[in-house]
Number of protein chains: 2
Amino acid sequence: MEIKKISIAEKMSQFSDYWNPRIVGELNGQHIKLVKAKGEFEWHKHDNEDEMFLVIKGEFNMELRNKRIPITEGEFIIIPKGIEHRPVVKNEVEIMLFEPATTISTGGNEKSELTQKRTEWI
Amino acid sequence: MEIKKISIAEKMSQFSDYWNPRIVGELNGQHIKLVKAKGEFEWHKHDNEDEMFLVIKGEFNMELRNKRIPITEGEFIIIPKGIEHRPVVKNEVEIMLFEPATTISTGGNEKSELTQKRTEWI
């Protein structure tokens with residue numbers, strides 16, 4: 001595979017839908033994904049995967065069962081496996097995600113409409 | 001461990017030396033590191049680890065044996081395992097690194113002065 005740099009802004013310009021992460025890189029079995037989001041996601045957890053959220057543009061609240069953490073541009077948070085969480089987004093936010101290639105966004109809840117059927121590379 | 005957000009700028013403000021990555025997060029056996037750099041690093045490769053460089057501030061050139069790739073703020077590059085590379089930095093740059101917790105910056109060249117003895121968490 002050719003080695004080339006990736007522009008986050010250029011990749012972000014390729015889509016506009018919410019809660020639909022795109023894969024933009026892979027290393028050591030981990031995927032780098034970009035997602036745009038607005039509104040409330042659903043409560044979920046990942047039994048086997050830690051997940052990192054890095055805010056590229058805008059801000060959002062990461063809700064845990066016992067607190068709410070506001071996260072803005074240039075900040076990130078790591079949600080350890082097994083911890084219930086729910087992103088809540090007032091205005092559109094752009095986020096970079098780091099997670100194992102096996103991760104399903106809703107934590108494996110196949111009945112959810114928010115579960116992507118197959119994550120797309122861009 | 002308490003779950004809390006991390007500010008990249010706040011962590012960057014805690015150190016000023018070059019080529020000395022600090023660990024700021026861990027997930028799925030991967031470390032998130034921040035590094036400041038200026039000047040030329042040395043040619044090296046990592047036999048078993050892919051490595052990601054995300055530019056937070058400034059710009060640098062990633063030299064490969066057959067090309068030179070300029071990388072600026074908001075861009076990243078993934079160097080697959082086994083590929084020789086050398087970062088060359090004209091003016092100070094701030095970079096976020098993603099790599100397995102096992103990675104040694106110089107690719108395991110213990111004789112290099114650039115090899116950190118032990119990577120510090122901040």
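Throughout, protein chains are lettered first and strands after them, A, B, ... in sequence-line order, and every chain is numbered starting at 1.
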Separation of B:I78 CD1 from A:I6 CD1 (nearest 0.5 Å):
7.0 Å
Interface check, chain A: of B:I56, B:L64, B:L27, most non-hydrogen pairs under 4.5 Å belong to B:L27
Side chain from CB out, backbone as N, CA, C, O: work out which of these in B:I32 comes under 4.5 Å of a heavy atom of chain A, or both, or neither.
side chain
Measure distances from A:M96 to the heavy atoms of chain B and classify the residue's part below 4.5 Å as side chain, backbone, both or neither.
side chain
Treat each ILVMFWY residue as a node, draw an edge where side-chain heavy atoms are under 4.5 Å apart, and state whether A:F53 and B:I8 are in one component.
no
Cluster overlap A:W19 with A:V55, hydrophobic side-chain contacts below 4.5 Å
yes
Among B:E75, B:E73, B:E59, salt bridge (charged side-chain N to carboxylate O under 4.0 Å, His left out) partner for A:K5
B:E75
Do A:V93 and A:V35 sit in the same hydrophobic cluster, where Ile, Leu, Val, Met, Phe, Trp and Tyr count as joined when their side-chain heavy atoms come under 4.5 Å apart?
yes
Atom group of A:V24 that falls short of 4.5 Å from chain B, counting heavy atoms:
both
If every non-hydrogen atom of B:K4 is compared with every non-hydrogen atom of A:I69, which pair is closest and at what distance?
CA-CD1, 4.5 Å
Counting only heavy atoms closer than 4.5 Å, note whether A:I83 contacts chain B via side chain, backbone, both or neither.
side chain
Tell me which one of B:N48, B:N28, B:D50 satisfies side-chain contact (heavy atoms from CB on, under 4.5 Å) with A:N28.
B:D50
Side chain, backbone, both or neither of A:F98 within contact of chain B (heavy atoms, under 4.5 Å)
both
Chain B heavy atoms under 4.5 Å from A:E51: which part of the residue, side chain, backbone, both or neither?
backbone
Flag yes if B:L54 and B:I71 sit in one hydrophobic cluster, no otherwise; membership is Ile, Leu, Val, Met, Phe, Trp, Tyr, and two members link when side-chain heavy atoms are under 4.5 Å apart.
no
Verify the neighbour count for atom NZ of A:K11: are there more than 12 heavy atoms of other residues, nucleotides or ligands below 6.0 Å?
yes
Under 4.5 Å between side-chain heavy atoms, counting indirect links through other Ile/Leu/Val/Met/Phe/Trp/Tyr residues: same cluster for A:M62 and A:W43 or not?
no
By a 4.5 Å heavy-atom criterion (distance strictly below it), what part of B:E26 contacts chain A: side chain, backbone, both, or neither?
backbone
Exceeds 12 heavy-atom contacts within 6.0 angstrom, atom CZ of A:R65
yes
Any sub-3.5 Å donor-acceptor pair from B:K67's side-chain atoms to A:I3's backbone N or O?
yes
